[in-house]
Amino acid sequence: MKNYTKYFLLLFPVLGFSQTKQDTIKATDELIEVVVSNKLPSNYSKLPNQVVTVSAKQIDFQNFQSTAEMLSNSGSLFVQKSQQGGGSPAIRGFEASRVLLLVDGVRMNNLIFRAGHLQNVITVDESMLENVGIFYGPTSTLFGSDALGGTVAMTTKRAKFLGDAKNKFTGGINTRYSSANEEKSVAFTFNYATTNFASLSILSFNDFGDLRMGKQKNHNGDYFGERPNYVTTVNGVDQLNVNDDKYTQVGSAYKQYNFLQKFAYKTASGFEHGLNLQFSTSSDINRYDRLTETAGSGLRHAEWYYGPQQRILGIYSLSKEKAVLGSDLKVNIAFQNAQESRHNRRFGNYNLQNREENVNIYSIGIDLDKKFKKGELFYGFESYFETLKSSAYANNINTGVRTDLDTRYPNGDNNMMRNDLYVSYNEKMSEKTIWNAGARIGYTSLKSTIADDAFFPLPFSSISQGNFTYSGTLGIVHQTSNNFTIKANLASGFRAPNVDDLAKIFESAAGTIIVPNEDLKPEKTITADFGFAIQSDSKKIKFENTYFYTRLYDAIVTDEFLFNGQSTIVYDGATSQVFANQNKGKAFITGLSTNFSAVLLNDLIFNANFNYTLGRVVENGNQSPLDHISPYFGKIGFVYSKNWANFEAYMLYNGKKDASDYSTSGEDNAQYAPIGGMPAWETYNFKAGFNVYKGATLFAGVENILDTQYRVFASGINAPGRNIYGGLKYNF
């Protein structure tokens with residue numbers, strides 16, 4: 001099977017990060033200039049909703065191993081992990097298919113993004129990122145379907161023309177070694193610049209060994225998650241082995257390869273053409289949590305792994321100032337191919353099950369920006385057409401005999417199309433007041449066919465539906481004085497059902513079969529945000545708070561269903577209870593985000609943030625815990641910056657997730673937590689960067705200094721123990 005690309009994400013708050021105030025302001029400018037310039041005002045402080053940014057300089061200094069680690073260590077975003085090679089970001093209690101991921105303005109979310117935990121985040125290498133913007137709350141009006149909890153907008157580095165680049169030929173190398181998993185990473189960058197033509201090439205490689213967890217007891221809980229044994233297959237026979245070092249999570253190692261190529265060309269008439277090619281792939285990545293599941297006195301699975309997470313992205317872009325009716329124009333025409341696969345077999349069963357998915361995405365986006373004396377108008381059109389080919393087979397690892405297997409999705413033709421129009425307007429009413437309003441309308445269609453129903457003998461061979469989608473937003477920012485600013489925002493969001501929601505047909509358990517439901521409607525949210533910021537006259541002290549309340553309507557849940565008026569059907573010779581995804585869920589989510597920063601000395605800054613979320617399902621007047629709701633979490637630290645060096649000392653912390661607050665849906669992975677729930681934890685960390693000579697920077701640090709043993713809520717793998725890292729970056 002030929003494989004291709006993929007990649008993804010990161011983030012950090014303006015507060016609680018490791019750069020000077022000057023760098024933070026620069027990060028803001030870069031975000032708007034490069035990430036989504038045709039959909040947002042040039043200064044995001046004009047936005048009434050909560051936004052967080054991170055710059056390339058911040059990424060370099062933090063020196064985390066992957067974008068998943070960068071996110072989880074930010075103190076402002078929660079990340080679940082089922083294996084070392086993964087990371088599923090959650091924003092305001094929404095996760096996976098309910099959080100929208102963008103790369104260079106193109107959506108990564110596709111027709112098989114599921115509602116559970118997605119591990120795609122590692123497939124964008126952090127060394128290739130220029131900046132990242134995190135937009136909290138429903139942002140469907142700007143970005144479309146799936147943006148219920150928020151949007152993560154990633155922008156890769158751009159090819160620099162002569163003038164932006166110091167010389168005709170520039171580039172660099174970045175290396176890193178980490179002790180917790182014997183990581184060895186290297187990235188090469190090369191930029192060629194002329195006045196009208198530029199080329200950027202980036203190649204990176206990451207080699208991660210088995211991850212070592214902490215050895216010291218977490219004072220909030222007992223020892224947990226150690227790896228006493230593991231499975232190997234010798235001469236075709238599965239064997240249970242004793243782990244010589246129970247703190248090493250055997251089977252968590254993987255490798256990652258990434259490549260980016262950009263070309264840019266300016267014409268004499270003012271047009272700029274761009275070609276953006278990205279490729280990412282990995283080795284096989286073990287689903288570590290499944291490999292630790294027990295059965296009797298041994299382990300349940302001998303093998304459970306994802307095939308290479310691969311994705312290719314190609315974007316042709318065209319831009320010109322005042323190209324259409326005085327509006328700045330940006331056009332993106334893109335193609336993506338994403339391939340993923342799942343491979344598993346039980347201990348002692350030598351038939352390996354293989355399920356493979358091949359997704360193609362074709363898209364065009366047209367964004368326009370019209371500036372007025374007091375306001376700015378953003379409007380445009382987006383169209384995405386996606387196809388899926390789902391296949392499956394089983395093969396005996398000893399005899400090579402190959403047999404048919406039921407596919408994860410319908411085994412015929414599957415496609416989905418989205419067409420949206422959007423408009424957003426921002427106006428400065430006075431020197432102290434700015435307001436904005438926006439709307440989006442669209443139509444989404446889905447078609448899916450069953451080519452072979454040998455495994456699922458249902459009385460139909462196709463599923464199709466169409467949905468009219470819409471969202472809106474209205475907000476205001478008012479500065480009451482030089483020391484106090486308030487923000488208020490009301491926004492709606494939507495997520496149109498995809499193939500994973502609507503068309504999966506499978507036996508979830510013996511005697512239970514899930515069938516399609518053509519009447520499935522989009523999920524919808526309405527969110528009210530209220531925030532305020534207080535700062536001193538000198539602007540050296542700042543305190544920010546954002547409160548939000550979200551109502552979730554028509555949430556898609558799996559429940560009992562009538563198929564052709566029948567609650568049971570005969571499947572595989574046995575009577576099975578019928579279930580289907582349905583719009584039955586109603587829930588609310590509320591919470592707050594608090595940030596505090598103070599310049600203690602000219603070169604010393606104190607930062608702290610705190611995040612709390614509460615989510616409940618409401619049914620028949622009763623309330624129960626909503627899934628994906630993290631415990632409270634945050635980051636507290638000090639940053640000391642000089643021209644020759646930067647230092648940061650900080651604490652990351654998470655509260656306890658009590659067993660009574662786990663959702664009954666199973667998405668919170670209670671089986672991977674200790675009895676009573678996931679204990680609270682905190683880690684202490686130190687980082688440093690030294691400018692050793694012109695163009696060269698030495699990075700070093702210690703993470704989880706106390707070597708605490710802990711696991712993040714809903715995760716199936718323990719977090720790294722004490723990690724000592726070092727790296728050298730050289731630019732020419």
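Numbers here are sequence positions counted from 1.
- Between Val702 and Ile705 the shortest side-chain heavy-atom distance falls below 4.5 Å.
- A donor and an acceptor atom, one from each side chain of Asn415 and Thr387, are nowhere located under 3.5 Å apart.
- A salt bridge is absent between Glu357 and Arg408: the closest approach of a Lys/Arg side-chain nitrogen to an acidic carboxylate oxygen does not fall below 4.0 angstrom.
- Closest non-hydrogen pair, Leu502 versus Leu446, comes out as CD2-CD2, 3.8 Å.
- If you look at Phe205 and Tyr257, their ring centroids are closer than 6.0 Å.
- The cationic atom of Arg176 (NZ for Lys, CZ for Arg) does not lie both less than 6.0 Å from the six-membered ring centre of Tyr725 and within 45° of the ring axis.
- Asp210 and Thr248 form no side-chain donor-acceptor contact under 3.5 Å, judged by distance and modelled atom types alone.
- For the pair Asn704 and Pro720, the minimum side-chain heavy-atom distance is 4.5 Å or more.
- Between the side chain of Asn349 and the backbone N or O of Asn351, at least one donor-acceptor pair lies under 3.5 Å.
- Side chain to side chain, Ser341 and Glu356 fail the donor-acceptor criterion of an N or O pair below 3.5 Å.
- Under the 3.5 Å distance criterion, the side-chain polar atoms of Gln278 are left unmatched by any main-chain donor or acceptor of Gly314.
- A 4.5 Å side-chain heavy-atom check between Asn110 and Phe113 finds at least one atom pair inside the cut-off.
- Ser280 and Gln256 get closest at one heavy-atom pair: OG-NE2, 2.9 Å.
- The environment of Lys447 atom NZ is sparse: at most 12 non-hydrogen atoms of other residues, nucleotides or ligands sit within 6.0 angstrom.
- Distance check: Gln309 CD to Ser283 OG gives 9.5 Å after rounding to the nearest 0.5 Å.
- No donor-acceptor distance shorter than 3.5 angstrom exists from the side chain of Asn669 to the backbone of Tyr672, with no hydrogens or angles considered.
- Distance NE2/His301 to OG1/Thr292: 9.0 Å, rounded to 0.5 Å.
- Inspection of the Ser665 and Glu667 side chains reveals no N or O donor paired with an N or O acceptor under 3.5 Å.
- Contact check on Glu293 versus Arg287 returns no salt bridge, with no Lys/Arg side-chain nitrogen under 4.0 Å from an Asp/Glu carboxylate oxygen.
- Side-chain atoms of Asp125 and Asn206, non-hydrogen and from C-beta on, do get closer than 4.5 Å to each other.
- Counting heavy-atom neighbours within 6.0 Å of Asp559 CG, excluding the residue itself, gives a total above 12.
- Looking at Gln84, its side chain does come within 3.5 Å of a backbone N or O of Gly209 through a donor-acceptor pair.
- Judged purely by atom type and a 3.5 angstrom limit, Ser82 has no side-chain atom pairing as donor or acceptor with the backbone of Asp289.
- Here the CG-CD1 distance, from Asn286 to Ile717, works out to 10.0 Å after rounding to the nearest 0.5 Å.
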**Study point:** CA sep, side-chain torsions, deciding dist, call: Lys215, Glu226, salt bridge (charged side-chain N to carboxylate O under 4.0 Å, His left out)
**Key:** CA-CA 9 Å; Lys215 295 182 179 180; Glu226 296 165 356; over 6 Å; no

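- No donor-acceptor pair under 3.5 Å is formed between the side chain of Asn63 and the backbone N or O of Ile59.
- Among the candidates Tyr305, Tyr393, Tyr306, the single residue satisfying the ring-ring contact (aromatic ring centres under 6.0 Å, His included) test with His343 is Tyr305.
- A distance-only check finds a donor-acceptor pair linking the side chain of Asn723 to the backbone of Ala180 [under 3.5 Å].
- A distance of 5.0 Å separates CG in Asn354 from CG in Asn395, rounded to the nearest 0.5 Å.
- Remark: side-chain polar atoms of Thr407 are paired, donor with acceptor, to backbone N or O of Tyr409 under 3.5 angstrom.
- At a threshold of 4.5 Å between non-hydrogen side-chain atoms, the residues Phe347 and Val231 count as touching.
- The aromatic ring centres of Phe335 and Tyr362 sit less than 6.0 Å apart.
- Side chains of Ser88 and Glu95: a donor on one and an acceptor on the other come within 3.5 Å.
- The closest side-chain heavy-atom distance from Leu260 to Thr156 is below 4.5 Å.
- The CG atom of Leu291 lies 9.5 Å from the CH2 atom of Trp304; values are rounded to the nearest 0.5 Å.
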Check your understanding: What do the steps show when you test Val79 against Val712 for side-chain contact (heavy atoms from CB on, under 4.5 Å), and what is the final call?
Key -> CA-CA 8 Å; Val79 176; Val712 175; over 6 Å; no

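- Formation of a donor-acceptor pair under 3.5 Å by the Asn174 side chain with backbone atoms of Val186 is not found in this model.
- In this structure, Met128 and Ile202 have side chains that are in contact, with non-hydrogen atoms separated by less than 4.5 Å.
- For the pair Arg212 and Tyr247, the NZ or CZ position fails the cation-pi test of under 6.0 Å to the six-membered ring centre and within 45 degrees of the ring normal.
- The closest donor-acceptor contact from the side chain of Asn517 to the backbone of Asn581 lies under 3.5 Å.
- Electrostatic pairing of Arg227 and Asp245 does not count as a salt bridge here, judged by no charged N lying under 4.0 Å from a carboxylate O.
- In this structure, the side chain to side chain contact (heavy atoms under 4.5 Å, CB included) partners of Val234, at least two apart in sequence or on a different chain, are Thr232, Gln239.
- Comment: Glu703 does not engage Arg722 in a salt bridge, judged by the lack of any side-chain N to carboxylate O separation of less than 4.0 angstrom.
- Atoms NZ and CD1, from Lys81 and Ile122 in turn, are 8.5 Å apart once rounded to the nearest 0.5 Å.
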Practice item. Step by step, work out the side-chain contact (heavy atoms from CB on, under 4.5 Å) result for Leu299 and Leu240. Key: CA-CA 8 Å; Leu299 295 172; Leu240 187 66; 3.9 Å; yes

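- Within the cation-pi definition used here (under 6.0 Å to the ring centroid, within 45° of the axis), Lys657 qualifies as a partner of Phe713.
- Proximity of Ile361 to Tyr384: side-chain heavy atoms (C-beta onward) are separated by under 4.5 Å at one or more points.
- Taking both residues in full, the closest heavy atoms of Gln582 and Glu560 are given as NE2-O, 2.9 Å, listed atom of the first, atom of the second, then distance.
- A salt bridge links Arg355 with Asp406; the closest basic N to acidic carboxylate O contact falls under 4.0 Å.
- Side-chain atoms of Asn360 and Asn337 form a donor-acceptor pair, as typed in the model, at a separation below 3.5 Å.
- A salt bridge is defined here as a Lys NZ or Arg NE, NH1 or NH2 lying under 4.0 Å from an Asp or Glu carboxylate O, and Arg114 with Asp501 fails to meet this definition.
- A 6.0 Å sphere centred on CG of Asp413 holds no more than 12 heavy atoms belonging to other residues, nucleotides or ligands.
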